Structures are given as structure tokens and as C-alpha cells.
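Notes follow the structure.
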Amino acid sequence: MDTIINTITSLPLDTLITAGLYLGLSGLYLLIMPGFVYFYLNSRWYVASSFERAFMYFLMFFFFPGVLLLSPFLNFRPKRRQV
């Protein structure tokens, strides 16, 4: 464990900042934004205008890898109708 800590502390600061930025942006792209897209789609799907629906399709296309990662945990089935 000490060798790992010594290796990390011996790296230059710009390398650590770059690695942190890559890790943060990949987490944002693959987990955070697809979650927001899912909740946005879930709340607006049945009342969206045509322009908003085109924007929804763009968001699904742009964040598709993250949505694919979250898909086992998401439920896209429509709500049960009230009779």
C-alpha cells in the first residue's frame, strides 16, 4: 500500500490534475447526465412539443453510452392507466 501512495505522490501535479479531470468528466458523461436525461424524459415524455421531442432524441443520442450503462436500473414502461 505504501508503494502505491509513494508512486502517486511522486507524479507531477499536472498529471494528477489531468487524470482527475478525465475521471470527473467521464463520470459526468457516463453516470450523472444520463440520470438527469432519464428523469427529464420520464417527466416530459407525454406532454412535449415537437421541438422538445427532437431535443429529447438528441439527448438520448448524445448520452447513449451512459443511458446504456444505466439501462438495467431504469424503467421506461408507461404508467398504468386509470379507468
Side-chain angles (χ1 to χ4, degrees):
M1 188 66 167
D2 291 330
T3 58
I4 296 172
I5 294 173
N6 288 337
T7 305
I8 291 174
T9 56
S10 68
L11 291 173
L13 183 61
D14 58 345
T15 304
L16 292 175
I17 290 173
T18 304
L21 279 173
Y22 270 103
L23 189 64
L25 288 174
S26 64
L28 183 73
Y29 178 71
L30 291 174
L31 296 174
I32 305 301
M33 288 306 295
F36 285 134
V37 168
Y38 167 71
F39 288 116
Y40 172 67
L41 292 178
N42 207 13
S43 64
R44 296 288 301 165
W45 186 257
Y46 294 107
V47 293
S49 66
S50 61
F51 292 110
E52 189 177 6
R53 192 164 302 274
F55 179 66
M56 289 176 174
Y57 292 145
F58 165 75
L59 288 176
M60 280 297 293
F61 175 75
F62 192 74
F63 293 109
F64 181 74
V67 171
L68 195 62
L69 281 176
L70 292 177
S71 65
F73 310 105
L74 302 180
N75 181 7
F76 285 108
R77 290 178 287 200
K79 296 179 179 117
R80 182 171 282 191
R81 290 182 6 183
Q82 297 294 329
V83 181

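On a predicted model such as this, the values are computed, not experimentally measured, just so you know.
With hydrophobic clusters built from ILVMFWY side chains whose heavy atoms lie under 4.5 angstrom apart, F58 shares a cluster with L30. No continuous path of hydrophobic side-chain contacts links L21 to L28 [ILVMFWY only; heavy atoms under 4.5 Å]. Put simply, M56 and Y46 are part of the same group of oily side chains (I, L, V, M, F, W, Y) that touch within less than 4.5 Å, one to the next. Linking Ile, Leu, Val, Met, Phe, Trp and Tyr residues whenever their side-chain heavy atoms come within less than 4.5 Å leaves L68 and I32 in two separate clusters. Note on F36: it does not cluster hydrophobically with F64, by side-chain heavy-atom contacts below 4.5 Å among ILVMFWY residues.
The distance from atom OG1 of T9 to atom CD1 of I4, rounded to the nearest 0.5 Å, is 11.5 Å. Atom OH of Y38 sits about 9.5 Å away from atom CG of L41, to the nearest 0.5 Å.
Sorted by first and then second residue, the side-chain hydrogen bond (donor to acceptor under 3.5 Å, both in side chains) pairs involving residues 49-61 (not counting sequence neighbours) are Y40-E52, R44-E52.
Of all heavy-atom pairs spanning S43 and V47, the tightest one is O-CG2, 4.4 Å. Residues L11 and L16 approach most closely at CD1-CD2, 4.0 Å, considering heavy atoms. Residues P34 and G66 come closest through the heavy atom pair CG-CA, 3.6 Å.
The aromatic rings of F62 and Y29 stand perpendicular to each other, their planes meeting at an angle above 60°, with 30° marking the opposite boundary.
Of the possible donor and acceptor atoms, one in the side chain of N6 sits under 3.5 Å from a partner among the backbone N and O of D2.
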